[in-house]
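A, B, ... follow the sequence lines: proteins, then strands. Residue 1 opens every chain.
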Amino acid sequence: MDFGFKISPSSAVNLDNVDLSLYDRLAEVEPDIRKCIACGSCSASCPANRFSGMSVRKAILGLQRGKEKEVAKMLSTCMLCGKCSMVCPRGINTRHLILSICKFYKED
Amino acid sequence: MIYQGKQKIWADYQKEIPDDHWYYVRSCIRQNFFPGAEKMFLEICRNVLKKDFHENENHTTCGGIAYHCDTIPQETVMTIVARQFALMTEAGYENYVCSCITSFGNYIEILETWNEFPELETKIREMLWKACRREFNKPKYVAHASDLIYKYRNLIAERAKFRLVNKHTGEPLKVVEHIGCHYSKMFPSKGVGGAEYPYVLCGMIESWGGNVIDYPERRHCCGYGFRQYHVKANRGYSISNTHKKFESMEPYHPDMIITNCPGCPYFMDRWQYAIAEMEGKTYGENGYGIPVFTYEEVAGLVLGYDPWDLGLQLHQVAVEPLLDKIGIEYDPARKYEGVNHKDLQRPELPGVLRCC
Amino acid sequence: MKDNILIIGGGIAGLEAASQLLKLGYNPIIVEKSDHLGGHVADWNRLFPDMTPAEEVVSRLVAETSEANIFLNTEISFVNKLKDSYNIMLSNGISVITGTLLFATGFSMFDASKKEEYGYGIYNQVMTNRDLEHWFNTGKDARIPEEGPAAMGFVHCVGSRDEKARNPQCSKVCCITAVKQAIEMKQKFPEAMIYCFYMDLRMFGKKYEDFYISAQRDYGIRFIRGRVSEVSENIEGKLIVKAEDTLSGKPVKVTLDLLVLMAGIVCNPDTCKTAGLISLPVDSDGFLKSRDNIADITESPKEGIFYAGACTGPKTVPETLAEARSAALEIHNYISRKK
Amino acid sequence: MGKLYDELAKDYRIKEGLKTCINCGTCTAICPAAEFYKYDPRKIVDIVQSKDDAEIEKLLKSDVIWYCGECMSCVTRCPRKNAPGLVLMALRNLSARLGYFVNSEKGRQLYPLTKTLTGNILNYGYCVYPDTFKWEDHVESGPVMKWHLEHKEDSFARVGANYKGTGPGILRKIPQESLDELKRIFDVTGGTERIETVYRCSEEKAKEMGMDMDEYFEETFTHISPGHLNGEDE
């Protein structure tokens, strides 16, 4: 029966259901991905950020939370200028990381 | 689960509830949807336990629902409440007991706010005088009606004709307790047992022979959300929250649910029907739902009152399977009759949820 | 005759101060209420950042203080102020006359059961940082199965930075302790999924940040930025933990086999009781009040009464030891000045 | 610092409910609204805390402040003794007072809410009343409720209610002089003014949307645009 409203799915991220096998394989090649401290320097310096919402921080978080599709979509707006690599306080080679992410998550 | 750990917390949150002489105010929602609960409350307190409970015809809504639907300013709800206090003062009472949890939270919040900002109390006193020419004393004690049934729970157990036990197996019934959010979440010290493991209903269940179930979403709101139900467009919020609770309690196969809030039994009862119609899912045995009760209805049942005198015919989820489990007798033919056996026909049966 | 110096507390602060005072030619008298020396450190297993065995630290200090008078299972019963000194009656009937007192009374761990929503003492699989150290030491705890937990979590700031728990202060050492314990668990159970729920990670000390980086990169420990709001138990006895993943702005939940609460540091209530005997002031954070929180942390506002260690606030082990040495020197200067 | 923030700061619910937020997320973690709406109470509190008037104005005109269910579960958990639920109530109050509520779909629902609830209070002395509880608007309340409402006099009498009767009791008729007192309370405390503001702004909005007030009531009471709830695209 249609009552004019419906039961909505939960917005909660359920970590039990996140499959990290691909992420873990990526981390073998790019161990520095795990070093992100979510400081946001990358997003703040990203020239694409204000137009597309591109953010390496969010991309890394997205992969850790099982949102591969959103991440792939976001990364397609990256221009690989490398500014984020210059500002990362943890010295992550973000440019290299982005390329690796694209490679890994394209295979699927 | 370590039961003693809860006992330790319960010991920290016991209230000194006065024993007698109460000024009683009613609940809008309960009068509409579970009128038998309030009738039972006064019946038990006045006639069974011989306590003094005064009711004045001039009391009104506390305005709590309108306030929490953001339709009236804070000063308005405070002055309505001040008028209720004035009626109590004029009747010569100091202990104030309300039937509604929204009211209870409303009264406590207002008294606490006045404590912190005395200038606001002064302003409200002026407004009340201007509008109604009334003055008031603040109650010495504000209780929720469930606090009193909790206090009297063992007296009720002594007089009980039935216990919350499955008569076929001899096992205690598995009971889910649901506490209204505004009972103690805002002021944990104001609730029996505090906010995280309230004892007010657990105490009744234990005293009357049942077993309390603690399930993961126990503390979660029933999904009322005030405007999230009163506006039809928002009811997805309401049913989604109730749905989440039922999914969480389902593995424990509860026999019944007891609540101490006006809205909660309405939503937990009605949304079982709606979930069944929308998704084809039922949570009780054999296609029935899990019956949901107010604590007074349960007190009435254990004391041996007729289920239809208690108004259990107004529940959408059928209560008969539970009555059979406990061994309470009832006349199915009289379920939907009016006074003096007047024929009122019968409600239609739902499409999915099994009912009697 | 050697001057008596009464040291209240036989933890690492009291022991280190006693050891220094012995070397300076004094007669330290340690009064310890429990039946052993070493305080909280004696209950610990290994210490960050070099994984030094706690036992090593304690046994060195105990060896260095073998010449001191030590009364275990003893408390201060009452104190009489004399003209230039104190007459202190101990619970074992002995009285000590001294012009100099050192408070090395340390801290108490926050009672984690007070954070009711985390279910310590109610849900079987919830433990504290101290319980985990106990397990590291003894291998005995029913909450940890032999094969280890498949998934476990650490909750930072339990009873710290929490006005509801009446302790708005940061306990300072829990962040690094959580990272240390997470690494230790991962070393024991490499297959375990380990989460840390934090608000901020306060990696202030020497090599702490390295430790944190290693936890992330080498051990794959997952850090979730959000304070745990609620823990519940499901029908299988597993824990369901809810927080906000504040970095994505969404509620997050996870099912765990074990949850470790990083109980914080609060002032020892016995400290306040003893301090009350001589009307020592308590600071706004609940710890003992120093003459000056920058220049004179080891001196009380009362003449002849000194502090060392966590009785004035949360401290790490090396900070406590350094402060104990500093207090010993202050005492030495004080006594020399008086003579 | 901004005018809107100053207005908010006068509200006792802000004085009670917002000390300092540390963005820990304990509120959002267990918020029933955050679980199903695209909603994060922590962020709202943070915006109010920022005192940025432009951002606060956006909030007051947005759907997002109307998602909270005022269950106050957040209050129990906040380690800084804030009450995000009270902050939301203060925002809604200001949005209603300034007429900003008509700018959002969820805000416009204030019209049917005000009409029904304050109508029930002033006419009957109850927030909910059988004569105005239409089953057609509450089909999910099920066939038993339908039956009950169809036979309400008899059904209420059966369970001992004093429906529309004199003296005390369940659903008694509240004496006219008490209803008059309620009306004067509304007049004196700003309740009447609030109703008038909501009606005036809603009427203007209805005109703008090309609807009469019945249509506007129906629209605001029932219409759901996609995008509010989780899992829906806007």
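In this structure, the side chain of D/Thr76 engages the main chain of B/Lys185 through a donor-acceptor pair within 3.5 Å. Under the 3.5 Å distance criterion, the side-chain polar atoms of B/Glu57 are matched with a main-chain donor or acceptor of D/Gly167.
Remark: D/Glu181 does not engage B/Arg133 in a salt bridge, criterion side-chain N to carboxylate O under 4.0 Å. Between B/Glu337 and D/Arg158 no salt bridge is recorded (no basic side-chain N to carboxylate O distance below 4.0 Å).
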- Please step through ring pair (Phe, Tyr, Trp, His ring centres under 6.0 Å) for the pair D/Tyr12 and B/Phe117, ending with a clear verdict. CA-CA 8 Å; D/Tyr12 285 95; B/Phe117 305 101; 4.9 Å; yes

- Query: How far apart are the C-alpha atoms of D/Glu70 and B/Cys69, what are their side-chain angles, what is the distance that settles it, and do they pass the side-chain contact (heavy atoms from CB on, under 4.5 Å) test?
  - Reply: CA-CA 9 Å; D/Glu70 301 189 11; B/Cys69 286; over 6 Å; no

- Query: Passes side-chain contact (heavy atoms from CB on, under 4.5 Å), B/Thr60 versus D/Leu182? Steps please.
  - Reply: CA-CA 9 Å; B/Thr60 64; D/Leu182 284 181; 3.9 Å; yes

- Give the C-alpha distance, both sets of side-chain angles, the deciding distance and a yes or no for side-chain contact (heavy atoms from CB on, under 4.5 Å) between B/Met127 and D/Ile185. CA-CA 7 Å; B/Met127 285 177 155; D/Ile185 288 176; over 6 Å; no

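Between B/Tyr336 and D/Ser155 the shortest side-chain heavy-atom distance does not fall below 4.5 Å. B/Ile72 is listed as a side-chain neighbour of D/Phe186, based on a closest heavy-atom distance under 4.5 Å. Between B/Thr113 and D/Glu16 there is a side-chain heavy-atom pair separated by less than 4.5 Å.
Shown here are the salt bridge (Lys or Arg N to Asp or Glu O under 4.0 Å) partners of B/Glu75, two or more places apart in sequence or in another chain: B/Lys123. In terms of the side chain to side chain donor-acceptor pair (under 3.5 Å) criterion, B/Lys130 has no residue partners (sequence neighbours excluded). Judged as a side chain to side chain contact (heavy atoms under 4.5 Å, CB included), and not counting sequence neighbours, the contacts of D/Asn162 are D/Arg172.
Residues of residues 126-135 of chain D that come closer than 4.5 Å to chain B, counting heavy atoms only, are D/Tyr126, D/Cys127, D/Val128, D/Tyr129, D/Pro130, D/Phe133, ordered by residue number.
Listed options B/Cys221, B/Cys28, B/Gly338, B/Gly236 were ranked by heavy-atom pairs under 4.5 angstrom with chain D; first place goes to B/Cys28.
Partner of B/Asn234 under the side-chain contact (heavy atoms from CB on, under 4.5 Å) criterion, chosen from D/Tyr67, D/Tyr37, D/Trp66: D/Tyr37.
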